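Beneath this line is the structure, given in structure tokens, with notes to follow.
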There are 2 protein chains.
Amino acid sequence: MTAPLDDASRTRPGRKAGAAVPNSDAVARLAGVSRSTVSRAFTPGASIAPVTLERVMAAARELSYSPNPLARSLISRRTDTVGLVMGHPENPFYQEVLTGFTSRLQRRDLRVMCQTAPDIESVEDSVRSLLRYNVDAVIVTSSGITSAAVGEAHAVGVPIILFNRTVEDDALSRVQTDNRRGGRAVADLLNHGGHRRLAYINGLENASTNRDRLAGFTERLGELGLPPPLLEYGEYSYEGGREAIKRLMLGGDPPEAVFCANDISAFGALDGLRYDLGLRVPDDVSLVGFDDVPMAAWPCFDLTTVRQRRNQMVEATLDSLDLLMRDPDRPPIRHDIPGRLIVRRSARLAPAG
Amino acid sequence: MTAPLDDASRTRPGRKAGAAVPNSDAVARLAGVSRSTVSRAFTPGASIAPVTLERVMAAARELSYSPNPLARSLISRRTDTVGLVMGHPENPFYQEVLTGFTSRLQRRDLRVMCQTAPDIESVEDSVRSLLRYNVDAVIVTSSGITSAAVGEAHAVGVPIILFNRTVEDDALSRVQTDNRRGGRAVADLLNHGGHRRLAYINGLENASTNRDRLAGFTERLGELGLPPPLLEYGEYSYEGGREAIKRLMLGGDPPEAVFCANDISAFGALDGLRYDLGLRVPDDVSLVGFDDVPMAAWPCFDLTTVRQRRNQMVEATLDSLDLLMRDPDRPPIRHDIPGRLIVRRSARLAPAG
DNA sequence: CACGGACTTGCACATCCTTGCAAACCCGAT
DNA sequence: ATCGGGTTTGCAAGGATGTGCAAGTCCGTG
């Protein structure tokens, strides 16, 4: 009964032996200089004679050497890697965001470490895990982030940017669609259409995107003299939206128009309306989504929605990242990028005749 | 006119100063042991007295220390990170695959470095870049991979697994759907439906998935005494499929049934048929896809398709990875996982009466 | 009590790179 | 020929850890 810690299966397997990854020493010998000089050859702006530089580079090419970034990071504290914590990877909008980030980060010669984090605790874990790997920055696209992980990141000077998420903590940089204004625009649109009994199909309850869209929507309805919307839970998913719309329409006081927290749940609601309930859109019910994923433009859906400017948001995030990485003490950067109402055919534009 | 190499903007910014990430030395001092002992405390199976282990762990907890994986990797040659090279990130099937991989790898306590690589050269670059970061293995989900990168990986003993891709090189491990058999199954289905003039809407021409699906389809048609299919290019995309179907149907000899290289292009074809051409599916034309993405089940599409067993494929990949990481000299592992024909309403099942 | 064996531990070197400092060098000027 | 200034370069220390080897400890046995 000794310590049960050992775990023979985890024993490190020998990497194949003969494998020669060249190191700076080999290059130094070949070029007839010291290792320091090799290092300087690969450090932009370091003091080195042009002719020596060329000799080192030639040797490096011959051995196809390039500095080991992990060893370099030990001392430079930079890994040229950013961490990406993804929340709801089933939403096509975020899938596009993900590929936007990876391809653009690649173009800036930055590696990206992905983590998926469905719930708050795992966001914590993910951030911590990324920090241990010395990422230069962290992008979080996920519902909640408690201040603990943020604090740790700050302590080691690693910038964190929230993408389409807000928390109470004011000290955080973030880039988001102006979700509140998006919600207000939808209220205006539906009001113009002459709808009076409105409903909102919630996304995830504690996601700030969801809260802000609903808040803007409700706020503007109030200003227009309309009652607050009925609420149902759609969970940001197709199935959720499809079930939610049934509950709404079969309830006591069915709405004339429904605003869905995102496009996917709107597709569900749309299908629920026409296939489950036999209703027509927008003749019987108007429907609006949020995101403008590519599918929203397909004729089968033709969904009126609020476009999130994905590329612009991604660019803004990366630009902010650049600034924050240069100066970790810089005050937080905020971007609220206006959405754009994309009018298609799922919502009536004028009061029914 | 000196060497123009320097690039002041890249100068490394000082990480915030006071930040104290504890190192093994601090733990060693606190626990009253040497650094080696601390190291052993964190190495499963290493020789250490239980009481010492506990003392070290207590000290580590107090300082919230854990070994720096980057420094560790310098000597152990393991980073607990795998590289993931993604090909066509716009296809929802691969998006699900991606999240499948990241979440499952996380569960195995492995980090994942993502790269996107639209074309062959960038696959090369991505693999090389990942190798420099010392990943323990590479998963490639992308059209082509030339033997150069594979050779380099092999040379340093890093296993590579191709996901849903094949190359001529027999020495590669891979996991894929049995695309050829999938194609054959579709041929049988359409034959049963009484269709005789068939077409295939290509995906990307040099993707092995596409070639194999087409090969199986054509082969089986031949066995059934049917002529080879008409061909059009759909590029694996919605727009591609939608254009392709128009060219097919407006050509001299329109087909009675169309097999699309994947679901997305099938959606495009479907919409082309009903919205652009005013035809009905399956009454006028039968349509079959490949993948079984979630949308295929939506009533709006109701697409007959071949399901790729995503979870099973991902699991098989990770299991193979485990084996290969333990023993880099192990012969290549192959998995050909049968697809499953999912019959819905987009293809006629019996000859038209 | 001394000895052998098994188990623990520390030393020192290894991994691979960066960088402050000081020595060496070059070249023109005195 | 000597000096000074600026440039280049190497040394050695530093970053954080893993590990072979040998020394040390402990315990049971003869």
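Letters A, B, ... mirror the listed sequences (proteins, then strands); counts begin at 1. The structure displayed is predicted, hence computed values, not measured ones.
In this structure, the CZ atom of A/Arg78 is 18 Å from the P atom of C/dC17, given to the nearest Å. Look at CZ on B/Arg77: it is 20 Å from P on D/dA16, rounded to the nearest Å. Rounding to whole angstrom units, CZ of residue A/Phe42 and C1' of C/dC16 are separated by 14 Å. Rounded to an integer number of Å, the gap from CG of A/Asp25 to P of C/dA14 is 12 Å. Distance CZ (B/Arg72) to P (C/dC17): 21 Å, rounded to an integer number of Å. Distance, A/Leu74 CG to C/dT18 P: 11 Å, rounded to whole Å. For A/Leu53 and D/dT9, the CG to C1' distance is 14 Å, given to the nearest whole Å. To the nearest angstrom, C1' of D/dT8 lies 12 Å from CZ of A/Arg55.
Of the candidates D/dT9, D/dG18, C/dT8, C/dT8 carries the atom nearest the B/Pro50 side chain, counting heavy atoms from C-beta on. Out of C/dC17, C/dT8, D/dT9, the shortest distance to the side chain of A/Ala49 is found at D/dT9.
OP1 or OP2 of C/dT9 sits under 4.0 Å from a side-chain N or O of B/Thr52. Distances shown here put every side-chain N or O of A/Asn68 at or beyond 4.0 Å from the OP1 or OP2 atom of C/dC17. Neither OP1 nor OP2 of D/dA16 sits under 4.0 Å from any side-chain N or O of A/Tyr133. Look at A/Thr37 and you'll find a side-chain N or O under 4.0 angstrom from OP1 or OP2 of D/dG10.
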Open item on the list: For a side-chain hydrogen bond (donor to acceptor under 3.5 Å, both in side chains) check, start with the C-alpha distance between B/Gln115 and A/Thr102, then their side-chain angles and the critical distance, and finish with the verdict.
Closed with: CA-CA 6 Å; B/Gln115 303 263 129; A/Thr102 58; over 6 Å; no
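Between B/Arg132 and B/Glu152, no side-chain nitrogen of the basic residue sits less than 4.0 Å from a carboxylate oxygen of the acidic one, so the salt-bridge criterion is not met. Ion pairing between a basic and an acidic side chain is recognised when a charged N comes within 4.0 Å of a carboxylate O; B/Arg108 and B/Asp319 show such pairing.
Aromatic ring centroids of A/Tyr65 and A/Phe42 lie under 6.0 Å apart.
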For nucleotides 11-13 of chain D, which of its nitrogen or oxygen atoms have a protein nitrogen or oxygen under 3.5 Å away, and what is each distance?
unit_1	atom_1	unit_2	atom_2	d
D/dC11	N4	A/Ser36	OG	3.0

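For the pair B/Val33 and A/Ser24, both in contact range of DNA chain C, the more 5′-proximal nearest nucleotide belongs to B/Val33.
Checked by atom type and distance alone, the side chain of B/Asp136 never pairs as donor or acceptor with a backbone atom of B/Val82 at under 3.5 Å.
The side-chain hydrogen bond (donor to acceptor under 3.5 Å, both in side chains) check on A/Thr81 picks up nothing, with sequence neighbours excluded.
Between the side chains of A/Arg111 and B/Ser129, at least one donor N or O lies within less than 3.5 Å of an accepting N or O.
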